[in-house]
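A quick write-up on the structure given underneath.
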Amino acid sequence: MGKANTTTDKASRRATAERDPGPAAGAPAAAAPAQVPAMDMAPLRAAPQGRSLEAMQPEDVYMDALVYKLQLLNFERDFCRRKKPHRKGLNPTYFAAPQPGQAGNEQFFYFTNLAAWLLQLCGLSVATPKEFDDPNATLQGLMQALRSLGFAPPSYPPTKLAAGYGREVCALLDSLADVTLERRGFAASRPVYQQDRADIDEADAADVDEDDAADIATTAGQQAEESDDEGQETALLWGRAADNSPSPTAAAAAAESTAVKQVLVSTVDPMQWRLEVERVGPRLRTNLAAEQRDWRQHLEAAHASTQALAASWPDAKAVLTKLGSEVAASLEKVEGRERQLNGQYDGLMVQYQDTRQELMAAQEEYNRCTELISERNNELHRLASALQDAKQQLDSRGSNLSDTSPLVRLKAAMANLKAELRQMELRIGVVSHQVVSLSLRDKQAALVDAAKQQQRLRDAPGSAK
């Protein structure tokens, strides 16, 4: 019963040590706080209050957590398959890096729609962004909605999210998923680990102090010697049993057992063993790289830096005070020399000012004359261009007046017209002759028909009477 109570107390002490870890083993005790000069804490007090949107972890860490949180929110059913065409699900690296084979704003459109869906789950009336909306206006609306949820303004500008991927995008979605789970009543409890027998034994061994360890070592040595003696006696007994046994199988088993028992007896020289351990021990050590994001190391580094600053501050203060006094003396010397030079060269300064004013007036006059010359040159170029155009027009008109090619072309056209007229008159005469011939032929045929009709009338029987 006492053994069980002791084990329970040790396990409780171990759990308490895990919840409130102290300094590492072998670490020096924390020194008393030294007198450090007062520091300006205004920037820390002015930090914005609220949930943070800062990206403090790598993209893959945020994405792994985000995928599991979205599964708790029924992401594939309520978001991916809410309307057609169905959206594809998220892979653990979708918002961590640009995805190949996608349009320029496809990741940004997916990011804004997912953020709007999470905001709607939080109870905010947020419109779902369209694919061709203004990205700046969409990001401004998103940041305003996040501020209404209690998020502090981030240190980066909203345009940092315009790419649709990166550590800032992953951190924003992860924080928004946390708030959504809280609004929906989801709470993750701490895992409870059951200790096995090996862990309890390790805890018991860790709680043993140095004196107990020394006693246990002494007892273990005595038990080892006794076990050696017992092993030898047992080997003798087994040997006698093997001699008395007539069976060869039993003899082989006895020999094997004797060999196994003899393994427990060490035949190595302790000095050689210690030398071998000293030689091989450093090679068996494992140097674990320090985790850069461990807050304990940051805290120890802050304490070490504070102590270093407190130790070096008196000497640095004396040096800075001396340097400040030397700089003040040098400034006084420079000011005195400057006043002396100003008084000595006052007349020259006045003369210099007058000369400078005259130079400025001459420069202005020069600039004005230069502008006038430029205007006159422009006018000259314009007149020269107009004169060139007039000369070209005169040359073209003179060439047209002296050129007889139009008259020649006119005469040739008249000759062609006369020839065509003659051809037309000939054709008209031929056609007229044919028309007259046809009309005469028709008249003759009509007369012949009339004569035949009269002849038939005369030849008829009743015509004699």
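Residue indices begin at 1 and follow the sequence shown. Please read these numbers as outputs of a predicted model, since none were measured by experiment.
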- Query: Minimum heavy-atom separation for F109 to K130, with atom names?
  - Reply: CE1-C, 3.5 Å

- Got a donor-acceptor contact below 3.5 angstrom from the T321 side chain to the K317 backbone? yes

- Paired with Y94, the ring-ring contact (aromatic ring centres under 6.0 Å, His included) test is passed by just one of F111, Y62, Y165, Y110, namely Y110

- Task: Using atom types as modelled and distance alone, determine if a side-chain donor or acceptor of S325 lies under 3.5 Å from a backbone N or O of K322.
- Result: yes

- Query: If you measure from CD on Q71 to NZ on K69, what distance do you get to the nearest 0.5 Å?
  - Reply: 12.5 Å

- Task: Could you tell me whether the side chain of L70 reaches within less than 4.5 Å of the side chain of L114, counting heavy atoms only?
- Result: yes

- Message: Quick check against the 3.5 Å criterion: does Q107 have a side-chain atom that pairs as donor or acceptor with the backbone of Q99?
- Response: yes

- Query: Between E76 (side chain) and L90 (backbone), is there a donor-acceptor pair under 3.5 Å?
  - Reply: no

- If we only count heavy atoms from C-beta on, is the T355 to L359 side-chain gap below 4.5 Å? no

- Message: Looking at every heavy atom in both W117 and L73, which two are closest together, and how far apart are they?
- Response: CH2-O, 3.7 Å

- In sequence, state the C-alpha distance, the side-chain angles, and the governing distance for L348 and Y352, and then conclude on side-chain contact (heavy atoms from CB on, under 4.5 Å). CA-CA 6 Å; L348 294 176; Y352 171 75; over 6 Å; no

- Query: Does some side-chain heavy atom of K88 sit less than 4.5 Å from a side-chain heavy atom of C80?
  - Reply: no

- Message: If we ignore hydrogens and angles and just use 3.5 Å, is the side chain of N113 paired with the main-chain N or O of T128 as donor and acceptor?
- Response: no

- Report yes if some heavy atom in the side chain of T93 is under 4.5 Å from a heavy atom in the side chain of D60; otherwise report no. no

- Please lay out, stage by stage, how R368 and E365 fare under the test salt bridge (charged side-chain N to carboxylate O under 4.0 Å, His left out). CA-CA 5 Å; R368 188 178 62 82; E365 182 67 19; 2.2 Å; yes

- Query: Do L53 and L176 have side-chain heavy atoms sitting under 4.5 Å apart?
  - Reply: no

- Query: With a cut-off of 6.0 Å (strictly less than), are more than 12 heavy atoms of other residues, nucleotides or ligands near CD of Q392?
  - Reply: yes

- Between the main-chain N or O of L172 and the side-chain N or O of S175, is there a donor-acceptor pair closer than 3.5 Å? no

- Item | For the student: nearest non-hydrogen atoms of E54 and S155, plus distance | OE2-N, 2.7 Å

- Message: Taking atom CD as the centre, does Q351 end up with more than 12 heavy-atom neighbours from other residues, nucleotides or ligands that are less than 6.0 angstrom away?
- Response: no

- Item | salt bridge (charged side-chain N to carboxylate O under 4.0 Å, His left out) assessment of E276 paired with R279 | CA-CA 5 Å; E276 185 68 16; R279 184 181 67 83; 2.4 Å; yes

- Note on the structure: Taken to the nearest 0.5 Å, the spacing of T180 OG1 from L118 CG works out to 4.5 Å

- How far apart are the C-alpha atoms of M143 and L161, what are their side-chain angles, what is the distance that settles it, and do they pass the side-chain contact (heavy atoms from CB on, under 4.5 Å) test? CA-CA 11 Å; M143 300 308 293; L161 308 172; 4.2 Å; yes

- Message: Let me confirm one number: the CD-OG1 distance from Q140 to T138, rounded to the nearest 0.5 Å.
- Response: 10.0 Å

- Spacing of L149 atom CG and R147 atom CZ [to the nearest 0.5 Å]: 11.5 Å

- Starting at CG of L124, measure out to CZ of R183 and round the result to the nearest 0.5 Å. 6.5 Å

- Query: Take atom OH in Y345; do more than 12 heavy atoms of anything else shown fall under 6.0 Å from it?
  - Reply: no

- To the nearest 0.5 Å, tell me how far M63 CE sits from Q57 CD. 13.5 Å

- Query: Is there a side-chain contact between Y366 and T370 (heavy atoms, below 4.5 Å)?
  - Reply: yes

- Message: Testing the basics here: between F108 and L139, what is the closest heavy-atom pair and its distance to 0.1 Å?
- Response: CE1-CD2, 3.7 Å

- At their closest point, which heavy atom of V126 faces which heavy atom of A116, and how far apart are they? CG1-CB, 4.3 Å

- Check: E59 side chain, A97 main-chain N or O, donor-acceptor pair, under 3.5 Å: no

- Message: Any donor-acceptor pair under 3.5 Å linking the side-chain atoms of Q340 with those of R337?
- Response: yes

- Task: Check whether any side-chain heavy atom of L142 sits under 4.5 Å from a side-chain heavy atom of L119, and report yes or no.
- Result: yes

- Task: Compare all side-chain heavy atoms of V67 with those of F75 and state whether any distance is below 4.5 angstrom.
- Result: no

- Task: Return the minimal non-hydrogen interatomic distance between P314 and A311, and the atom names on each side.
- Result: CD-O, 3.6 Å

